[in-house]
Amino acid sequence: MIAQNWKCSVCGFVAVGLFPPDRCPKCHAGRDAFKTEHGYLFPREETEVIIEACGKVSYGLYLVSSIDGDRLNGQICNTLFQITSDPPRLAVGINHGNLTHEFIESSGVFAASILGREDQRIVRRFGYRSGRDFDKFKGVRIMRGRTGCPIYEGAIGYLECSVLHDRTTDAGTHSIFIGDIVGGGVFGEGEPMTYAFWHDTKKSK
Ligand SMILES: Cc1cc2nc3c(=O)[nH]c(=O)nc-3n(C[C@H](O)[C@H](O)[C@H](O)COP(=O)(O)O)c2cc1C
């Protein structure tokens with residue numbers, strides 16, 4: 001994808017990407033407020049179809065956690081998958097600005113608690129506010145895995161990883177961390193939560 005600058009005509013904020021953002025993160029103006037020097041790189045209709053097709057890529061939903069000394073933190077993540085089976089490795093995409101990013105970078109470990117379809121409360125708690133503002137794990141039932149990372153006991157299972165620092169990729173806004181799987185377990189038979197299921201049901205829960 002080819003990135004370009006999109007300038008908000010209301011407040012001057014500049015976003016980088018193939019498409020303008022849905023909303024200006026600074027003044028909340030809608031997509032139409034964004035102007036760019038070159039216009040859409042594809043015809044407007046095709047761009048809309050590309051956005052729609054991106055929305056059809058499927059994902060699971062996970063609570064990705066890490067540690068920094070005695071401190072615990074975690075966030076919700078859909079960009080996590082098993083990238084190789086031999087050796088068994090996970091890849092995860094984490095925004096540079098997240099506290100979880102800071103913790104994974106410094107400790108070199110992370111855990112992914114595999115959420116079930118009933119874990120809407122966990123998504124709301126871990127997915128919308130930073131651990132810089134409050135202790136997200138306070139009152140949440142956890143166990144500590146082999147890496148020391150907190151694991152949500154209500155999950156349907158978990159995997160723990162040791163990060164291969166030399167393989168971390170800067171993907172722009174996000175880092176892609178790749179880790180060797182060093183532990184894991186299954187807690188229940190529940191259906192895993194998917195990104196699509198979350199979006200279809202979040203308002204009703
Ligand atoms: C459904 C959903 C999926 C998300 N997926 C990701 C993701 O794949 N990568 C990411 O960096 N943030 C993702 N987030 C956003 C983070 O969970 C959110 O920014 C979080 O507040 C970061 O917390 P932290 O600063 O405590 O680490 C997602 C949020 C939601 C609700």
Side-chain angles (χ1 to χ4, degrees), residues 1 15-17 19 21-26 28 51 54-83 89-140 142 147-152 154-156 158-161 163 165 167-179 190-205:
M1 292 223 187
V16 180
F19 317 120
D22 286 341
R23 294 222 158 270
C24 175
K26 199 168 156 201
H28 309 295
I51 294 171
C54 286
K56 294 191 186 298
V57 177
S58 47
Y59 312 89
L61 217 52
Y62 309 91
L63 166 53
V64 172
S65 58
S66 190
I67 47 175
D68 178 24
D70 292 342
R71 294 168 71 206
L72 313 177
N73 195 53
Q75 65 159 79
I76 297 304
C77 188
N78 63 283
T79 54
L80 177 133
F81 57 97
Q82 182 179 0
I83 191 156
R89 286 178 176 160
L90 294 185
V92 63
I94 304 284
N95 192 294
H96 289 299
N98 293 355
L99 185 61
T100 308
H101 188 287
E102 210 178 293
F103 281 22
I104 295 176
E105 216 169 32
S106 65
S107 67
V109 288
F110 68 87
S113 298
I114 302 162
L115 299 177
R117 289 188 164 202
E118 304 306 315
D119 290 325
Q120 312 257 349
R121 195 181 58 87
I122 293 291
V123 180
R124 279 194 291 270
R125 183 174 178 89
F126 286 85
Y128 293 94
R129 285 169 61 202
S130 177
R132 293 193 180 90
D133 302 330
F134 76 116
D135 178 0
K136 292 190 192 179
F137 277 105
K138 192 171 177 197
V140 176
I142 58 163
T147 57
C149 291
I151 290 150
Y152 169 49
I156 61 178
Y158 71 96
L159 290 164
E160 288 184 88
C161 286
V163 172
H165 282 297
R167 293 176 198 265
T168 299
T169 301
D170 181 354
T173 53
H174 290 54
S175 291
I176 302 170
F177 294 107
I178 295 176
E191 280 281 307
M193 172 83 95
T194 65
Y195 188 69
F197 184 81
W198 164 250
H199 278 289
D200 289 349
T201 59
K202 65 180 174 181
K203 287 195 184 73
S204 61
K205 298 267 174 163

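Atoms within each ligand, like the ligands themselves, are counted from 1 in listed order. Model, not experiment: these values are computed from the prediction.
Distance check, rounded to the nearest 0.5 Å: CD of Glu105 to CD1 of Ile94 gives 11.5 Å. Considering CD of Glu191 and CD of Glu118, their distance stands at 10.5 Å, rounded to 0.5 Å. For the atom pair CG of Leu99 and CG of Asp133, the computed distance is 9.5 Å after rounding to the nearest 0.5 Å.
In this structure, Tyr195 and Tyr59 have perpendicular ring planes: the angle between them is above 60°, well past the 30° mark.
Scanning Thr173, Val123, Ile76, Leu99 for the heavy atom closest to atom 6 (C) of ligand 1 points to Ile76. Of the options Phe134, Tyr128, Trp198, the smallest heavy-atom separation from atom 1 (C) of ligand 1 is shown by Trp198.
The side chain of Leu61, and not its backbone, has at least one atom closer than 4.0 Å to an atom of ligand 1 (non-hydrogen atoms only; side chain from C-beta on). Looking at Lys136 against ligand 1, only its side chain comes within 4.0 Å, counting heavy atoms. Neither the backbone nor the side chain of His199 comes within contact range of ligand 1; no heavy atom lies under 4.0 Å.
Interface atoms of ligand 1 facing Asn95, defined by a heavy-atom separation under 4.0 Å, are 10 (C), 11 (O). The atoms of ligand 1 that sit less than 4.0 Å from any heavy atom of Asn73 are 24 (P), 26 (O), 27 (O). Distances below 4.0 Å separate heavy atoms of Thr100 from the following atoms of ligand 1: 24 (P), 27 (O). Atoms of ligand 1 found under 4.0 Å from any heavy atom of Gly93 (numbered from 1 in listed order, with element): 7 (C), 8 (O), 9 (N), 10 (C), 11 (O). Every atom of ligand 1 with a heavy atom of Arg129 under 4.0 Å away is listed here by number and element: 21 (O), 23 (O). Which parts of ligand 1 touch Ile94 is read off a 4.0 Å heavy-atom cut-off, strictly below it: atoms 11 (O).
Under the 4.5 Å side-chain criterion, counting only non-hydrogen atoms from C-beta, Arg124 is not in contact with Lys202. Ile114 has its side chain out of reach of Tyr158: every pair of non-hydrogen atoms, C-beta onward, lies at least 4.5 Å apart. Contact check for Tyr152 versus Asp119: side-chain heavy atoms found under the 4.5 Å cut-off. For the pair Phe103 and Gln75, the minimum side-chain heavy-atom distance is 4.5 Å or more. Between Val64 and Ile104, some side-chain heavy-atom pair lies under the 4.5 Å cut-off. No side-chain heavy atom of Ile151 sits under 4.5 Å from any side-chain heavy atom of Ile142.
In this structure, the protein non-hydrogen atom closest to atom 29 (C) of ligand 1 is Gly127 O, 3.5 Å. Closest protein heavy atom to atom 4 (C) of ligand 1: Asn78 OD1, 3.4 Å. The shortest contact between atom 12 (N) of ligand 1 and any protein heavy atom is with Gln75 NE2, 3.1 Å. For atom 26 (O) of ligand 1, the closest non-hydrogen atom of the protein is Gly131 N, 2.7 Å. Protein heavy atom nearest atom 8 (O) of ligand 1, with residue, atom name and distance: Thr79 OG1, 2.7 Å. In terms of protein heavy-atom proximity, atom 25 (O) of ligand 1 is nearest to Ser130 OG, 2.7 Å.
For Glu102, the closest heavy-atom approach to ligand 1 does not fall below 4.0 Å. Heavy atoms of Phe126 approach ligand 1 to within less than 4.0 angstrom.
Of the polar atoms of Arg132, none of the N or O atoms is found under 3.5 Å from an N or O of ligand 1, judged by distance alone.
Less than 6.0 angstrom separates the ring centroid of Phe137 from the ring centroid of Phe126.
Here Arg132 pairs with Glu102 in a salt bridge; the nearest charged N to carboxylate O distance falls below 4.0 Å.
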